[in-house]
Amino acid sequence: MTDTVNLSLAEATSLSLDILANTGLSKSQCDAVTDVIIRAQRDECHSHGLYRLLGCAHSINIGRVNKNAEPVVTDVAPSIVKVNADHGFSSLAYSRGIELALDKATVQGLSAMAINDCYHFSALWPEVEPLAERGFAAIALTPSHNWVAPAGGIRPVFGTNPFAFAWPRPKRQPFVFDFATSATARGEIELHRRHGKPIAPGLAIDLDGEPTTDPSEALKGAMLTFGGHKGSALSAMIELLAGPLIGDMLSIESKAHDNEAGAAPLHGELIIIFDPASFLGKALEQNMNRAELLFEAITGQNARLPSQRRYEARQKTEAEGLDIPRALYDDLIKFLPPPQYEQRTEKLSQR
Ligand code: NDP
Ligand code: PYC
């Protein structure tokens, strides 16, 4: 028996839908959450792929996530949309509000969508990449739980606070980056702990403020920001823009609200959308081509663009399916009811 399991995209999708449906989550949330998880797994973003189902199922089963959340979209200003996620997952709120936000960006040149009261677990690029495919540039920001010490400090203040950006490219896949403002995502440290592997130096400190490469000590202590004071300032910006500016919680508040329940963070998210056609009018094509000079100057010296690895992984998994650790598969199917659990175990043993 190998220590990995290969699943087609369709099999992974039905596994995710079955696990979530078994928690009693509404169909619309099951679909929205599965979509973002399968996209991440497809692009081999392991920290935010199928692994996340463990945390989602836990957050639902302990009664934190509203299983029947119905996001409420409010048109608050000519360029601002607010979506209250009704204590459901952010993914459904995003899909309910995004078309109005895009309409506003088209009319006003730029718009912002604030999502409030959402449980958030996902990677952000699945939210901005599709916007760039439709010709918009976009930024997404969100806090999390306070796990990250500010530069110069040892006590956690910031969330892992990801920042995603997408830019449309004529006849090419968009330019997209998406990273935590901590030196790595917390999910990566959790995966190192699961696999019994040390983390790289410089990512975290233990409870005494000493550098550590032990993932368990890192998770108990504090993570560090990327780029020292620069990542620290960017992380503070994300707290402010996707927290108080939109009337939602800081990472410190989200963690206090969690009260050690171990649920996904509950807070807000901010998405800012730019319409290049409104900024540029007739000069759109010329300037989109000028932007290509930048990408050519990067790739022309064999440096890679962010997302290049993802796009290559996508091509591979679409053809060959997804490989996930057997231990993860075994943990996932424990969330299924007995007949489905047995069916999947049986199917696997026949391979
Ligand atoms: P990484 O440090 O792996 O950085 C990811 C970004 O950097 C990707 O766009 C990646 O492109 C790009 N990149 C990596 N290496 C290179 C390179 N050598 N040259 C050019 N570009 C490169 O990611 P993180 O661990 O910081 O974050 C992982 C995910 O976790 C993100 O998707 C983020 O949204 C998510 N996250 C979500 C949180 C939440 O609260 N919801 C909190 C924190 C993180 P590529 O993918 O092609 O390698
Ligand atoms: O990996 O840091 C992380 C994370 C936090 C919330 C969702 N992912």
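Counting starts at 1 for both ligands and their atoms, following the listed order.
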Regarding [X] and [Y], do their side chains bring together a donor and an acceptor under 3.5 Å, going by distance alone?
{"X": "Thr225", "Y": "Ser232", "result": "no"}
{"X": "Glu190", "Y": "Tyr51", "result": "yes"}
{"X": "Ser144", "Y": "Thr160", "result": "yes"}
{"X": "His267", "Y": "Thr142", "result": "yes"}
{"X": "Ser235", "Y": "Asn161", "result": "yes"}
{"X": "Asp248", "Y": "Asn116", "result": "yes"}

Which of the atoms in ligand 2, numbered in the order shown and given with their element, are less than 4.0 Å from a heavy-atom of Trp147?
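That gives atoms 5 (C) of ligand 2.
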I'd like to check which ligand 2 atoms, numbered from 1 as shown, lie under 4.0 Å from a non-hydrogen atom of Phe121.
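Numbered from 1, ligand 2 contributes 7 (C), 8 (N).
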Between Phe179 and Phe177, is the ring centre distance below 6.0 Å?
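Ring-ring flag for Phe179/Phe177: true, centres closer than 6.0 Å.
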Of the protein's non-hydrogen atoms, which lies at the shortest distance from [atom], and what is that distance?
{"atom": "atom 4 (C) of ligand 2", "result": "His48 NE2, 3.7 Å"}
{"atom": "atom 2 (O) of ligand 2", "result": "Thr160 OG1, 2.7 Å"}
{"atom": "atom 27 (O) of ligand 1", "result": "Ala180 N, 3.7 Å"}
{"atom": "atom 30 (O) of ligand 1", "result": "His48 CE1, 3.0 Å"}
{"atom": "atom 1 (P) of ligand 1", "result": "Phe179 CB, 4.4 Å"}
{"atom": "atom 38 (C) of ligand 1", "result": "Pro162 CG, 3.4 Å"}
{"atom": "atom 12 (C) of ligand 1", "result": "Pro306 CB, 3.9 Å"}
{"atom": "atom 42 (C) of ligand 1", "result": "Thr160 OG1, 3.1 Å"}
{"atom": "atom 19 (N) of ligand 1", "result": "Arg304 CG, 3.6 Å"}
{"atom": "atom 3 (C) of ligand 2", "result": "Arg186 N, 3.4 Å"}
{"atom": "atom 6 (C) of ligand 1", "result": "Asp178 O, 3.3 Å"}

Can you find an N or O of [X] that's nearer than 3.5 Å to an N or O of ligand 1?
{"X": "Ser182", "answer": "no"}
{"X": "Leu124", "answer": "yes"}
{"X": "Ala185", "answer": "yes"}
{"X": "Asn161", "answer": "no"}
{"X": "Ser307", "answer": "yes"}

Please state which option from [options] has its nearest heavy atom closest to [atom].
{"atom": "atom 41 (N) of ligand 1", "options": "Cys45, Ser122, Ser144", "result": "Ser122"}
{"atom": "atom 1 (O) of ligand 2", "options": "Gly187, Pro162, Ala123, Ser122", "result": "Gly187"}
{"atom": "atom 45 (P) of ligand 1", "options": "His267, Glu188, Arg309", "result": "Arg309"}

In sequence, state the C-alpha distance, the side-chain angles, and the governing distance for Ser251 and Glu239, and then conclude on side chain to side chain donor-acceptor pair (under 3.5 Å).
CA-CA 7 Å; Ser251 296; Glu239 293 282 337; 2.6 Å; yes
Considering only heavy atoms, does [X] approach ligand 1 within less than 4.0 Å through its side chain, its backbone, both, or neither?
{"X": "Ala40", "value": "neither"}
{"X": "Arg186", "value": "neither"}
{"X": "His120", "value": "side chain"}
{"X": "Trp125", "value": "side chain"}

Give the atoms of ligand 1, by number and element, whose distance to some non-hydrogen atom of [X] is under 4.0 Å.
{"X": "Pro143", "value": "40 (O)"}
{"X": "Arg310", "value": "46 (O), 47 (O)"}
{"X": "Phe177", "value": "9 (O)"}
{"X": "Gln308", "value": "47 (O)"}

Picking from Glu129, Glu296, Glu292, what satisfies salt bridge (charged side-chain N to carboxylate O under 4.0 Å, His left out) with Arg169?
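Among Glu129, Glu296, Glu292, the one meeting salt bridge (charged side-chain N to carboxylate O under 4.0 Å, His left out) with Arg169 is Glu292.
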Do Asn289 and Asn287 pass the side-chain contact (heavy atoms from CB on, under 4.5 Å) test, and can you show the C-alpha distance, the side-chain angles, and the key distance before you say yes or no?
CA-CA 5 Å; Asn289 289 335; Asn287 282 285; over 6 Å; no
Flag yes if Val176 and Leu305 sit in one hydrophobic cluster, no otherwise; membership is Ile, Leu, Val, Met, Phe, Trp, Tyr, and two members link when side-chain heavy atoms are under 4.5 Å apart.
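Result: no, two separate clusters.
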Leu53-Phe89 co-clustered via ILVMFWY side chain contacts under 4.5 Å
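They do share one cluster, since a chain of ILVMFWY contacts under 4.5 Å joins Leu53 to Phe89.
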When you look for heavy atoms under 4.0 Å from ligand 2, do you find them on the side chain of Arg52, its backbone, both, or neither?
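The answer is the side chain.
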Indicate the atoms forming the closest heavy-atom contact of [X] with [Y], along with that distance.
{"X": "Ser254", "Y": "Met249", "value": "N-SD, 3.8 Å"}
{"X": "Leu9", "Y": "Thr13", "value": "O-OG1, 2.7 Å"}
{"X": "Trp167", "Y": "Met288", "value": "CZ2-CE, 3.5 Å"}

Got a donor-acceptor contact below 3.5 angstrom from the Asp178 side chain to the Pro162 backbone?
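Flag not set: sc Asp178 to bb Pro162 has no pair under 3.5 Å.
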Ser111 (side chain) donor-acceptor with Ala101 (main chain) under 3.5 angstrom:
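Present.
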What orientation do Phe279 and Phe274 show, parallel under 30°, tilted 30 to 60°, or perpendicular over 60°?
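Phe279 vs Phe274 ring planes: tilted.
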Check whether any protein heavy atom sits under 4.0 Å from atom 4 (O) of ligand 1.
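Given the 4.0 Å cut-off, atom 4 (O) of ligand 1 counts as touching protein heavy atoms.
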Glu190: heavy atom below 4.0 Å from ligand 2, yes or no?
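It does not, in that no heavy atom of Glu190 comes within the 4.0 Å cut-off of ligand 2.
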